[in-house]
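Here the structure comes first, spelled out in structure tokens, and everything after it is commentary.
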Amino acid sequence: MIAPPLRSLVRDAIDRAWARAVASGALPEPPADASRPAVAVERPADPSHGDFASNLAMRLARPYRMAPLAIASALAAELAREAADSPEATPIAEAEVAAPGFLNLRLADHTLEAAIAGALAEPDAWGQVAAIRARSVNVEFVSANPTGPLHIGNARGAFVGDLLCRVLEAGGQRVTREYYFNDSGGQIRNLGASVAALRRGEPVPDDGYKGEYVADLVGELPERVWAEATASGADTDGIVGHWAAGRVREGIERSLAALSVRFDVWTSEASLHDEGWVDRAVERLRERGHVYEQDGAIWFRSTDFGDDKDRVIIRSNGEPTYFAADIGYVTEKFGRGFDHLIYVWGADHHGTVARVRNAAQAMGYDPEAVQMLLYSWVRFVRDGVEVSMSKRAGDFITLDELLSEIGVDSARWFFASRSVNTGIDFDIELAKKQSNENPVYYVQYAHARIASIVRKAAEAGLAPASDVIGWLADAPEAALARAVARFPEVIEDAVAAEETHGITAYAIELATTFHGFYRDARVVDPQAPERSAARLALAGATRITLAKALGLLGISAPESM
RNA sequence: GCGCCCGUAGCUCAGUGGAUAGAGCGUCAGGUUGCGGACCUGAAGGUCGUGGGUUCGAGUCCCGCCGGGCGCGCCA
């Protein structure tokens, strides 16, 4: 069973108080129209203001034409009455009014006790939130073409996409993780030409691929493939390139697996053409009157949808553009039954966002069902100088190399703790150096420390209690219980915003609170077995919560470190 | 030129229109004859790029300006 976040319980309590205040005549009938404000509660920055605060009275001042403090007083009186008459029925113990009209609320101990007991009784359900959108989503990310191994320029897309999928799943959505690649065409032929040249003992062509991995491919090139490629009349570059692309793709898959990033579906651009998706999409646009011919090319009249110019979909030489494949892919994805498509793109692709959504709309799909998540670009610098990440020039740092230096958990945390639309300067040397100082270790340390305490307790014959009822009177316990009980709200916010940095910030806060608790409250104490049992229970709930937070980010929660 | 994103502590970054703007790292000063010192306590450090506007209230919303990034192909 999913326990609702405390925030929701508090909101409901205020709603009840409001309704009773109206019924008793203390407050007027609320406005029925849009000027009726929704009850909003927040966690105040200053703990002395209580566990929750609401600005409802200030929002009601204008429609009620009353002083905010008077409204707040009426609401507080009803909240206090409920707390006095039926304390078990309300999450709130105290309600205070503060200028200029805040309603400051303090949670009852039984509310916190119930939350802790819930986490301990059903760890799997702890932190789960009600599905906000029960839809089927396709998330396409990374999608680097198989012309070379993934490099650190692909890292952000991989982690951002993976984290997005995890957050969507936490929100109850069905997610398909998709990788789109092009293993035909000029780039692949070029890769093949580079491999073939080295195989013959010739230098790589000027416009070929120069990375070390090309030489590795030559070493792995089977004689059978080479013989086939060099047979008379054979398309040498194409055949070698096709083999090389497959080989590179296997490597990409391994690299991603090392990042704990998995994909459900790999779709090749060629298959979209071969299976007729592109042709059908163009036809669909034509039927709807959004296509015309000019200068021998076929154009999509995107200006009808607000674009500043129309776009070519079939070139005058008969070849479809990349955009044509995009359009075909949209129909192919929707054809598989998805309710929603998300593209995870680098911000440098923002110019194509409107184009693809316009095409979707032109084909009769809801453009709102086509969403692009743009992440800001990462500038790679070394000694303060920007370095280019060029596969063709062979000047890049592979993802595998980066990971061997800084570790998956550290890298995941790095990207999870930053908003997608802030640009990042990534100094490789600095990243290595700072890896040891990554806050992820601070959080993991708290988890390992609790695991150690539990082991120690077991040696002393102490077991955790199943709840902490009656033990939250003291400050260390109360502070830790409050921090743990907030967890479902953090997940709810992360799901709503489709962001993860709230989770990392919370994890640090919870770890900090635990370390303070550890300092002030001795957990393993055979002289006080009942108190030890309660503190072990609280520590256990903390451990579950830390593991859940880390797990949602794909980060390990070690028992020792 | 047009469009999108960004500008918050020395650095890297948080901050659903709310109260005295926060965290990590770094710097400085302290702390353990007890369960993990990868820990804890404290200090210094901010005209939230800038000028207007909206609001009871603006780091947050709107407009201008300054600075930075990116995009504006019958490339992919």
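Excluded from the calculations below are hydrogen atoms, water molecules and symmetry mates; all remaining heavy atoms, backbone and side chain alike, are included. Residue numbers begin at 1 in each chain, while the letters A, B, ... track the order of the sequences.
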- Message: Base, sugar-phosphate or nothing for A/Ser532? Non-hydrogen atoms, less than 4.0 Å.
- Response: nothing
- Message: Check for me whether A/Arg449 meets the cation-pi criterion with A/Tyr518, that is, NZ or CZ under 6.0 Å from the six-membered ring centre and within 45 degrees of the ring axis.
- Response: yes
- Message: Distance check needed: B/C6 P versus A/Asp348 CG, whole Å only.
- Response: 16 Å
- Query: Parallel, tilted or perpendicular: which describes the rings of A/Phe415 and A/Phe159, with under 30° parallel and over 60° perpendicular?
  - Reply: parallel
- Distance check: side-chain N/O of A/Arg62 vs OP1/OP2 of B/C56, anything under 4.0 Å? yes
- Note on the structure: Using Watson-Crick geometry (N1-N3 plus N6-O4 or O6-N4) or G-U wobble (N1-O2, O6-N3), each under 3.5 Å, B/G64 is paired with B/U50
- Note on the structure: Closest of B/A76, B/C5, B/G24 to the A/Thr352 side chain is B/A76
- Query: Using a distance-only test with no angle check, is there a side-chain donor-acceptor pair under 3.5 angstrom linking A/Asn145 and A/Thr147?
  - Reply: no
- Task: Determine the contact category for A/Val443: base if any of its heavy atoms lies under 4.0 Å from a base atom, sugar-phosphate if only primed atoms, P, OP1 or OP2 are that close, otherwise nothing.
- Result: nothing
- Task: Answer yes or no: does a side-chain N or O of A/His501 lie under 4.0 Å from OP1 or OP2 of B/G15?
- Result: yes
- Task: Name the nucleic acid region contacted by A/Asp295, choosing base, sugar-phosphate or nothing; use a 4.0 angstrom heavy-atom cut-off, strictly under.
- Result: base
- Presence of A/Thr422 side-chain N/O under 4.0 Å of B/G7 phosphate oxygens OP1/OP2: no
- Item | Under 3.5 Å: donor-acceptor pair, side chain of A/Arg519, backbone of A/His515 | no
- Is the ring centre of A/Tyr343 less than 6.0 Å from the ring centre of A/His349? no
- In whole Å, what is the span from the CD atom of A/Glu459 to the C1' atom of B/C35? 10 Å
- Task: Would you indicate which nucleotide in B/G18, B/G34, B/G73 comes nearest to any side-chain atom of A/Arg522?
- Result: B/G34
- A/Asp520 CG to B/G31 P: how many Å, rounded? 18 Å
- Message: Taking the minimum atom-to-atom distance to the side chain of A/Asp46, which one of B/A76, B/G18, B/U20 wins?
- Response: B/U20
- Within less than 4.0 Å of OP1 or OP2 of B/C75, is there a side-chain N or O belonging to A/Arg315? yes
- Check: B/A19 base within 3.5 Å donor-acceptor of A/Asn104 side chain: yes
- Task: Kindly confirm whether the side-chain ring of A/Tyr445 is stacked on the base of B/C39, judged by centres under 5.5 Å and planes under 30°.
- Result: no
- Query: Quick check, are the ring centers of A/Tyr329 and A/Tyr180 under 6.0 angstrom apart?
  - Reply: yes
- Item | Whole-Å P distance, B/C72 and B/C11 | 32 Å
- Does B/G34 have OP1 or OP2 sitting under 4.0 Å from an N or O in the side chain of A/Lys456? no
- Would you kindly give the NE2-to-C1' distance between A/His349 and B/G3, to the nearest whole Å? 17 Å
- Query: So which nucleotide from B/C39, B/A38, B/C74 ends up closest to the side chain of A/Ala297?
  - Reply: B/C74
- Note on the structure: Rounded to whole Å, the CD-P distance (A/Gln444 to B/C39) equals 12 Å
- Item | Base partner of B/A29, which must satisfy Watson-Crick or wobble distances under 3.5 Å | B/U41
- Whole-Å distance between B/C6 C1' and A/Arg156 CZ? 11 Å
- A/Tyr506 side chain near B/G15 phosphate (N/O to OP1/OP2, under 4.0 Å): no
- Note on the structure: Mate of B/U55 across any strand shown (Watson-Crick or G-U wobble, both atom pairs under 3.5 Å) is none
- Is the distance from OP1 or OP2 of B/G18 to the nearest side-chain N or O of A/Asn55 less than 4.0 Å? no
- Query: Looking across every strand, which nucleic acid part, if any, lies under 4.0 Å from A/Ala496 by heavy atom: base, sugar-phosphate, or nothing?
  - Reply: nothing
- Message: Please classify the nucleic acid contact of A/Ser560 as base, sugar-phosphate, or nothing, using heavy-atom distances under 4.0 Å.
- Response: base
- Task: Side chain of A/Pro44 only, please: which of B/A19, B/G36, B/G73 is the nearest?
- Result: B/A19
- Message: Using the six-membered base ring of B/G71, report whether A/His350 stacks on it, requiring centroids under 5.5 Å and planes under 30° apart.
- Response: no
- Query: Base, sugar-phosphate, or nothing: which does A/Glu499 touch, judged by heavy atoms less than 4.0 Å apart?
  - Reply: nothing
- Name the nucleic acid region contacted by A/Ala446, choosing base, sugar-phosphate or nothing; use a 4.0 angstrom heavy-atom cut-off, strictly under. nothing
- Identity of whatever pairs with B/A23 - Watson-Crick or G-U, under 3.5 angstrom: B/U12
- Can a side chain N or O of A/Tyr518 be found less than 4.0 Å away from OP1 or OP2 on B/G37? yes
- Charged tip of A/Arg43 within 45° of A/Phe52 ring normal and under 6.0 Å: yes
- Query: Phosphate oxygens OP1/OP2 of B/U41: is one of them under 4.0 Å from a side-chain N or O of A/Arg519?
  - Reply: yes
- Message: Strictly by Watson-Crick or wobble contacts shorter than 3.5 Å, is anything paired with B/G71, and which nucleotide is it?
- Response: B/C2
- Message: Just to be sure I understand the rule, does A/Arg418 reach a base, reach only the sugar-phosphate, or reach nothing, if contact means heavy atoms closer than 4.0 Å?
- Response: sugar-phosphate
- Query: Does A/His290 reach the main-chain N or O of A/Leu285 with its side chain, forming a donor-acceptor pair under 3.5 Å?
  - Reply: no
- Query: Nearest-Å distance, CZ (A/Arg543) to C1' (B/G36)?
  - Reply: 14 Å
- Task: Report the distance from atom CD1 of A/Ile450 to atom C1' of B/C39, rounded to the nearest whole Å.
- Result: 13 Å
- Determine the contact category for A/Asn317: base if any of its heavy atoms lies under 4.0 Å from a base atom, sugar-phosphate if only primed atoms, P, OP1 or OP2 are that close, otherwise nothing. nothing
- Message: Just to be sure I understand the rule, does A/Ala494 reach a base, reach only the sugar-phosphate, or reach nothing, if contact means heavy atoms closer than 4.0 Å?
- Response: nothing
- Query: Base, sugar-phosphate alone, or nothing: which one does A/Glu42 contact when heavy atoms must sit under 4.0 Å apart?
  - Reply: base
- Task: Determine yes or no for a side-chain-to-main-chain donor-acceptor pair under 3.5 angstrom, with A/Asn317 supplying the side chain and A/Glu319 the backbone.
- Result: yes
- Item | Stacking of A/Tyr441 on B/A38 base (centres under 5.5 Å, planes under 30°) | no
